[in-house]
Amino acid sequence: MKDEFWEAIITNNGAYDDQFLYAVKTTGIFCRPSCKSREPNRKNVRIFRSAEQALRAEFRPCKRCKPTGESLPDEDWVDQITDYIGRHYNERLSLHTLADMCHGSPYHLHRTFKRITGITPVEFIQRVRVKKAQELLSGTEHTAKEIGGLVGIPSSPYFITLFKKITGSTPAEYRQSQKRPLEVELDERIGTAEHLLGTVRT
């Protein structure tokens, strides 16, 4: 990317709006140079000559600066938000973070998201994290504490409480329920053998 273009982006120079558009890989959104959005990391920026090019590359138009010349439907904006959450669920996410990254106000984002999905952005984040935790509990040997950290919930007590609230069981109970019958039988046999061995030794 030319230094000239980068300078136009960080100074929100509207004189370049007709020369190029820029997209940010981490958000999946493309903007006009004049957009008042948060300054991106330069290494994550891609330059396009037209909105059509950016759309073909599967980037979505910014709701704030409307690089396609049209207002972004609320449904598409919510898709942007859920997509961002799906790719960054293990990071620290707040309403302000989402609003900043997806180019809108926290209040409008919260209201629009709940109207479209029926739940708040925070509730959606929680569900995504618990869903990812379920996958890790079923497919890995990580401890519940480790899995909480991997899905963005480093507090073990809070992770267990939230997991049970959403699924109806603790992480340990869920992991046990996902075991195949043979695995459960083997665990029981091993437990019985260890108990008998302990009895013999005493």
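FYI, side chains are in, hydrogens and waters are out, and symmetry mates aren't considered; it's all heavy atoms of this structure.
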Query raised in the report: Judged by atom type as modelled, is there a donor-acceptor pair below 3.5 Å linking the side chain of Arg129 to the main-chain atoms of Ile153?
Result: no
Query - Donor-acceptor under 3.5 Å (Glu173 side chain, Thr170 main chain) - result: yes
Could you tell me how the ring of [X] sits relative to the ring of [Y]: parallel (under 30°), tilted (30 to 60°) or perpendicular (over 60°)?
X: Tyr84; Y: His88; value: parallel
X: Phe5; Y: Tyr16; value: perpendicular
X: Trp77; Y: His108; value: parallel

Query raised in the report: Does a side chain donor of either Asn12 or Ser34 reach within less than 3.5 Å of an acceptor in the other side chain?
Result: no
Query raised in the report: So if you build clusters from Ile, Leu, Val, Met, Phe, Trp, Tyr with side-chain heavy-atom gaps below 4.5 Å, do Ile81 and Val128 land together?
Result: yes
Query raised in the report: Taking all non-hydrogen atoms of both residues, which atom of Leu95 and which atom of Pro121 are closest, and how far apart?
Result: CD1-CG, 3.8 Å
**Report entry** Shortest non-hydrogen separation from Pro33 to Phe20 and the atoms involved
**Finding:** CD-O, 3.3 Å
Query raised in the report: With the threshold set at 4.0 Å, does a side-chain nitrogen-carboxylate oxygen contact exist between Arg115 and Asp74?
Result: yes
Query raised in the report: Going through the checks in order, is the side-chain contact (heavy atoms from CB on, under 4.5 Å) test met by Ser71 and Lys66?
Result: CA-CA 6 Å; Ser71 295; Lys66 304 178 180 65; 3.3 Å; yes
**Report entry** pair Cys35-Cys62: side-chain heavy atoms closer than 4.5 Å
**Finding:** yes
Requested in this report: Measure the shortest side-chain to side-chain distance between Asn44 and Thr26 over non-hydrogen atoms and say whether it is less than 4.5 angstrom.
Outcome: yes
Query - Worked check of side-chain contact (heavy atoms from CB on, under 4.5 Å) between Ile166 and Thr161 - result: CA-CA 9 Å; Ile166 292 177; Thr161 299; over 6 Å; no
How many angstroms lie between atom [atom1] of [X] and atom [atom2] of [Y], to the nearest 0.5 angstrom?
X: Leu98; Y: Phe124; atom1: CG; atom2: CZ; value: 10.0 Å
X: His103; Y: Leu109; atom1: NE2; atom2: CG; value: 11.5 Å
X: Glu39; Y: Thr11; atom1: CD; atom2: OG1; value: 9.5 Å
X: Ile29; Y: Arg60; atom1: CD1; atom2: CZ; value: 9.0 Å
X: Gln176; Y: Gln178; atom1: CD; atom2: CD; value: 10.5 Å

Query raised in the report: How far apart are the C-alpha atoms of Phe59 and Thr27, what are their side-chain angles, what is the distance that settles it, and do they pass the side-chain contact (heavy atoms from CB on, under 4.5 Å) test?
Result: CA-CA 9 Å; Phe59 286 97; Thr27 64; over 6 Å; no
**Report entry** Worked verdict on Val122 versus Gln126 for side-chain contact (heavy atoms from CB on, under 4.5 Å)
**Finding:** CA-CA 6 Å; Val122 170; Gln126 291 175 340; 4.0 Å; yes
Query raised in the report: Within a radius of less than 6.0 Å around CZ of Arg64, do more than 12 heavy atoms belonging to other residues, nucleotides or ligands occur?
Result: yes
